[in-house]
Amino acid sequence: MDARLNLYGNPVAARFAKFINSAGKVLSDSTLPAATQELVKIRASQINGCGFCTDMHTKDAAHAGETSVRLNLIAAWREAKVFTEAERAALELTEQGTRIADAAGGVTDEAWANAAKHYDEDQLAALVSLIALINTYNRMNVIIQQPAGDYQPGQFG
């Protein structure tokens with residue numbers, strides 16, 4: 001299987017990727033916990049059916065020390081006892097922020113208030129931005145049918 005478009009070989013796509021990768025660096029350098037960031041990226045990628053991003057972020061999380069139990073339970077986080085209340089709030093916000101079209105009112109006040117109990121304003125800004133960013137990556141990769149499975153941790157820097 002080959003991607004429909006080479007995102008790094010096409011000059012327009014490569015310039016766009018450069019800018020969104022810079023935005024990603026701002027978020028990875030934020031005070032939002034790194035483990036939470038990976039959980040958010042994985043959950044949104046699962047929802048969006050983005051194999052490439054799911055592959056990348058599960059491998060990056062494992063490489064950073066995340067356990068296989070937690071990685072295997074992300075899609076079933078509501079029933080799992082292995083996530084903190086803060087992580088659960090971030091996962092709920094991720095799901096609602098990713099499934100905007102499926103929810104009549106978008107993100108609920110309850111989900112927002114729950115996240116705000118666990119994260120300060122800078123962390124909330126990073127969380128909202130991260131949800132938007134991973135959804136952007138997911139959509140690009142799904143549209144071009146970017147193959148999954150070959151990613152190596154740290155491959156992109």
Determine the minimum heavy-atom distance between [X] and [Y], stating which atoms define it.
{"X": "R88", "Y": "A80", "answer": "NH1-O, 3.2 Å"}
{"X": "I134", "Y": "A44", "answer": "CG2-CB, 3.5 Å"}
{"X": "D55", "Y": "D150", "answer": "OD2-N, 3.6 Å"}
{"X": "K59", "Y": "G149", "answer": "NZ-O, 3.0 Å"}
{"X": "L39", "Y": "L91", "answer": "O-CD2, 3.8 Å"}

To the closest 0.5 Å, what do you measure between [atom1] ([X]) and [atom2] ([Y])?
{"X": "I42", "Y": "C50", "atom1": "CD1", "atom2": "SG", "answer": "12.0 Å"}
{"X": "K81", "Y": "L73", "atom1": "NZ", "atom2": "CG", "answer": "11.5 Å"}
{"X": "E66", "Y": "D60", "atom1": "CD", "atom2": "CG", "answer": "12.0 Å"}
{"X": "E95", "Y": "I100", "atom1": "CD", "atom2": "CD1", "answer": "13.0 Å"}
{"X": "L93", "Y": "I131", "atom1": "CG", "atom2": "CD1", "answer": "4.0 Å"}
{"X": "Q146", "Y": "D2", "atom1": "CD", "atom2": "CG", "answer": "9.5 Å"}

Check your understanding: Any side-chain donor-acceptor pair under 3.5 Å between Q96 and T108?
Key -> yes
Practice item. Quickly, which of N141, T98, N138 forms a side-chain hydrogen bond (donor to acceptor under 3.5 Å, both in side chains) with N48? Name it, please. Key: N138
Heavy-atom distance under 4.5 Å between the side chains of [X] and [Y], does that happen here?
{"X": "Q37", "Y": "H57", "answer": "no"}
{"X": "M140", "Y": "I20", "answer": "yes"}
{"X": "K41", "Y": "E38", "answer": "yes"}
{"X": "N21", "Y": "K25", "answer": "no"}
{"X": "W112", "Y": "V128", "answer": "yes"}
{"X": "F83", "Y": "I74", "answer": "yes"}
{"X": "Y151", "Y": "C53", "answer": "no"}

Check your understanding: Just by distance, do the side chain of Q123 and the backbone of D120 share a donor-acceptor pair under 3.5 Å?
Key -> yes
Review point. Within the side chain of S30, is there an N or O that forms a donor-acceptor pair under 3.5 Å with the backbone of L27?
Key: yes
Review point. With a 4.0 Å cut-off, would you call E87 and R70 a salt bridge?
Key: yes
Point to revise | Test salt bridge (Lys or Arg N to Asp or Glu O under 4.0 Å) applied to E92 and K117, R78, R99, the passing residue | key: R78
Review point. Using 30° and 60° as the class limits, which term best fits the ring planes of F52 and F156: parallel, tilted or perpendicular?
Key: tilted
Do [X] and [Y] belong to the same hydrophobic cluster, where Ile, Leu, Val, Met, Phe, Trp and Tyr are linked whenever their side-chain heavy atoms lie under 4.5 Å apart, directly or via other members?
{"X": "L133", "Y": "Y119", "result": "yes"}
{"X": "V40", "Y": "V82", "result": "no"}
{"X": "L130", "Y": "V26", "result": "no"}
{"X": "V142", "Y": "I47", "result": "no"}
{"X": "L71", "Y": "V69", "result": "yes"}

**Study point:** D29, CG atom: more than 12 neighbouring heavy atoms under 6.0 Å
**Key:** yes
